[in-house]
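One is the number of the first residue; the rest follow in order along the sequence.
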Amino acid sequence: MEQSQFRKWLKQHEIEHEEKWLEQFISACNGDEQAMVNTALLYKEYGQYDEMYGLLCKASEQQNREAMYELGNCYFEELGEKGSEQQAFLLYKSAAHLGHPDAMNNLA
């Protein structure tokens, strides 16, 4: 999604703090892992699963433990057309090895 499309999407869904989210989106496009996770979670909240998966996958590839954990949750919850307990397990395991406490808990 391009910046102008994202801005239109924010307005369409009447999302508060539009400028904050636009900054997060731009940072995510520039490779900021935390901004990718934040924007992905916003997409998740509004059922935009393809965009969510894309951002979480990119951040996970950069070994971001929060992205791995959230992506694991999405696979476990079978959001969108994707879903795989095995994939969730592998993501939780990777996030746990990087010290993510909730991923550790989910593995237990």
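Across S94 and M68, no two heavy atoms sit closer than the pair CB-SD, 3.6 Å. Residues E33 and A59 approach most closely at O-CB, 4.2 Å, considering heavy atoms. Closest approach of L56 to A67, counting heavy atoms only: O-CB, 3.8 Å. The two residues H13 and Y46 come nearest to each other via the heavy atoms CD2-CD2, 3.6 Å. Here the shortest heavy-atom pairing between L10 and L42 reads CD2-CD2, 4.1 Å. A pairwise comparison of heavy atoms in A28 and L55 identifies CB-CD2, 4.4 Å as the closest pair.
A centroid separation of 6.0 Å or more is found between the aromatic rings of W9 and F25. Ring centroid separation for the pair W21 and F6 does not come in under the 6.0 Å cut-off.
Judged as a salt bridge (charged side-chain N to carboxylate O under 4.0 Å, His left out), and not counting sequence neighbours, K58 has no contacts.
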Let me see the working for E77 and K44 under salt bridge (charged side-chain N to carboxylate O under 4.0 Å, His left out), right down to the final yes or no.
CA-CA 12 Å; E77 296 167 9; K44 179 181 179 182; 3.6 Å; yes

Begin from the C-alpha positions of Y75 and L90 and carry the test side-chain contact (heavy atoms from CB on, under 4.5 Å) through to its verdict.
CA-CA 10 Å; Y75 280 113; L90 294 173; over 6 Å; no

Dump the intermediate steps for salt bridge (charged side-chain N to carboxylate O under 4.0 Å, His left out) on R7 and E19, then the final yes or no.
CA-CA 9 Å; R7 184 184 293 271; E19 290 305 314; 3.2 Å; yes

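Within the model, atoms OG1 of T39 and CD of E51 stand 11.5 Å from one another, a figure rounded to the nearest 0.5 Å. Summarising the geometry, atom CD belonging to E18 is positioned 4.0 Å from atom NZ belonging to K11; distances are rounded to the nearest 0.5 Å.
Proximity of a side-chain donor or acceptor of E23 to a complementary backbone N or O of K20 within less than 3.5 Å is not detected. Remark: the backbone N or O of A96 is not paired with any side-chain donor or acceptor of R65 at under 3.5 angstrom. A donor-acceptor contact shorter than 3.5 Å links the side chain of H100 to the backbone of A103. Not one N or O on the side chain of N64 forms a donor-acceptor pair closer than 3.5 Å with the backbone of S60.
Atom CD of E16 has 12 or fewer heavy atoms from other residues, nucleotides or ligands within 6.0 Å. Surrounding CD of E14 are at most 12 heavy atoms belonging to other residues, nucleotides or ligands under 6.0 Å away. In the displayed structure, E2 atom CD is contacted under 6.0 Å by at most 12 heavy atoms of other residues, nucleotides or ligands.
Under the 4.5 Å side-chain heavy-atom criterion for grouping Ile, Leu, Val, Met, Phe, Trp and Tyr, M104 is not connected to L98 through any hydrophobic cluster.
For the pair N106 and Y69, the minimum side-chain heavy-atom distance is below 4.5 Å.
Looking only at atom types and distance, the side chain of Y92 has a donor-acceptor partner in the side chain of N73 under 3.5 Å away.
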